[in-house]
Amino acid sequence: MREDLPVVQASAEQQSELKGGVEAAEYQSAFGRFQSCMAKAGAALSGVKEAGPLMNYRLPAEAYDTGDFDRCYLSEFQQVDERWQYQNKDVSPANIAYKACLEAAGIAPKQASEDVWAQLLEAGLDPEKCATEHAPE
């Protein structure tokens, strides 16, 4: 099972995409390889759609147990995904939801995700509730 999974190395394509900042085309390319890998493993992604600058998707639960998710995500997408999410954290769906929650509470939100997070905590707002109630469409 999962404890027996081999160490997975990033593909040459993913390593190349990590030189400098990740561009949108590189993010899309890495996601496409991840999606293709999952489909070839018989664990096709579903509900694939763009959510702001990020890709949202669902995958079969058994893909975790078989190691298909680990193999495909780690080799084709993880490092690019993490860097892209960091580069876009201020316009992420979570930050958008948190800002809407602050506005609903009568607080003018700041822009940077770190500042917005601090505002949420300072106001005593529940981040999970904010994310659920104010998630962008």
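Being a predicted model, the structure only gives us computed values, none of them experimental.
In this structure, OG in Ser113 is found 11.5 Å from CD1 in Ile96, a value given to the nearest 0.5 Å. With rounding to the nearest 0.5 angstrom, the SG atom of Cys72 is 9.5 Å from the NZ atom of Lys40. Here CZ of Phe34 is found 5.0 Å from CG of Leu45. Values are rounded to the nearest 0.5 Å. Note that the CD atom of Glu133 and the SG atom of Cys101 stand 7.0 Å from one another [nearest 0.5 Å]. Distance OH/Tyr27 to CG/Leu54: 4.5 Å, rounded to 0.5 Å. The distance from the CZ atom of Arg58 to the NZ atom of Lys49 is 8.0 Å, given to the nearest 0.5 Å.
No side-chain donor-acceptor contact under 3.5 Å links Ser29 to the backbone of Ala25. The main-chain N or O of Gln111 is found under 3.5 Å from a side-chain atom of Asn95 such that the two form a donor-acceptor pair. Of the possible donor and acceptor atoms, none in the side chain of Arg71 sits under 3.5 Å from a partner among the backbone N and O of Cys37. Trp84 places no side-chain N or O within donor-acceptor distance of the main-chain N or O of Glu26, the cut-off being under 3.5 Å.
Minimum heavy-atom separation, Cys130 to Ala97: O-CB, 4.1 Å. Minimum interatomic distance between Leu102 and Leu125 (heavy atoms only, all atoms of both residues): CD2-CD1, 3.8 Å. Here the shortest heavy-atom pairing between Ala104 and His134 reads CB-CE1, 3.8 Å. For Tyr98 against Pro127, the heavy-atom pair with the smallest separation is CE2-O, 3.3 Å. The two residues Pro93 and Pro136 make their nearest non-hydrogen contact at O-CD, 3.6 Å. Scanning all heavy atoms of the two residues, the minimum distance from Ala43 to Ala63 falls at CB-CB, 3.9 Å.
Screening residues 89-116 for salt bridge (charged side-chain N to carboxylate O under 4.0 Å, His left out), with sequence neighbours left out, gives Lys89-Glu114.
Ring orientation note: the planes of Phe77 and Tyr73 are nearly perpendicular, at an angle over 60° on the 30°/60° scale.
By the rule that hydrophobic residues join a cluster once side-chain heavy atoms approach within less than 4.5 Å of another member, Val91 and Val22 end up as members of separate clusters.
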Name the atoms and distances for all side-chain donor-acceptor pairs under 3.5 Å in residues 10-19, with sequence neighbours left out.
unit_1, atom_1, unit_2, atom_2, d
Ser11, OG, Glu13, OE1, 3.4
Ser11, OG, Gln14, N, 3.1
Ser11, OG, Ser75, O, 3.1
Ser11, OG, Glu76, OE1, 3.1
Gln14, OE1, Gln78, N, 3.3
Gln14, OE1, Gln79, N, 2.7
Gln14, OE1, Val80, N, 3.3
Gln14, NE2, Leu74, O, 3.1
Gln14, NE2, Ser75, O, 2.8
Gln15, NE2, Ala10, O, 2.8
Glu17, OE1, Arg33, NH2, 2.9
Glu17, OE2, Arg33, NH1, 2.9

After noting the C-alpha distance and the side-chain angles of Asn56 and Glu50, does the key distance pass the side chain to side chain contact (heavy atoms under 4.5 Å, CB included) rule?
CA-CA 6 Å; Asn56 277 351; Glu50 290 186 35; over 6 Å; no
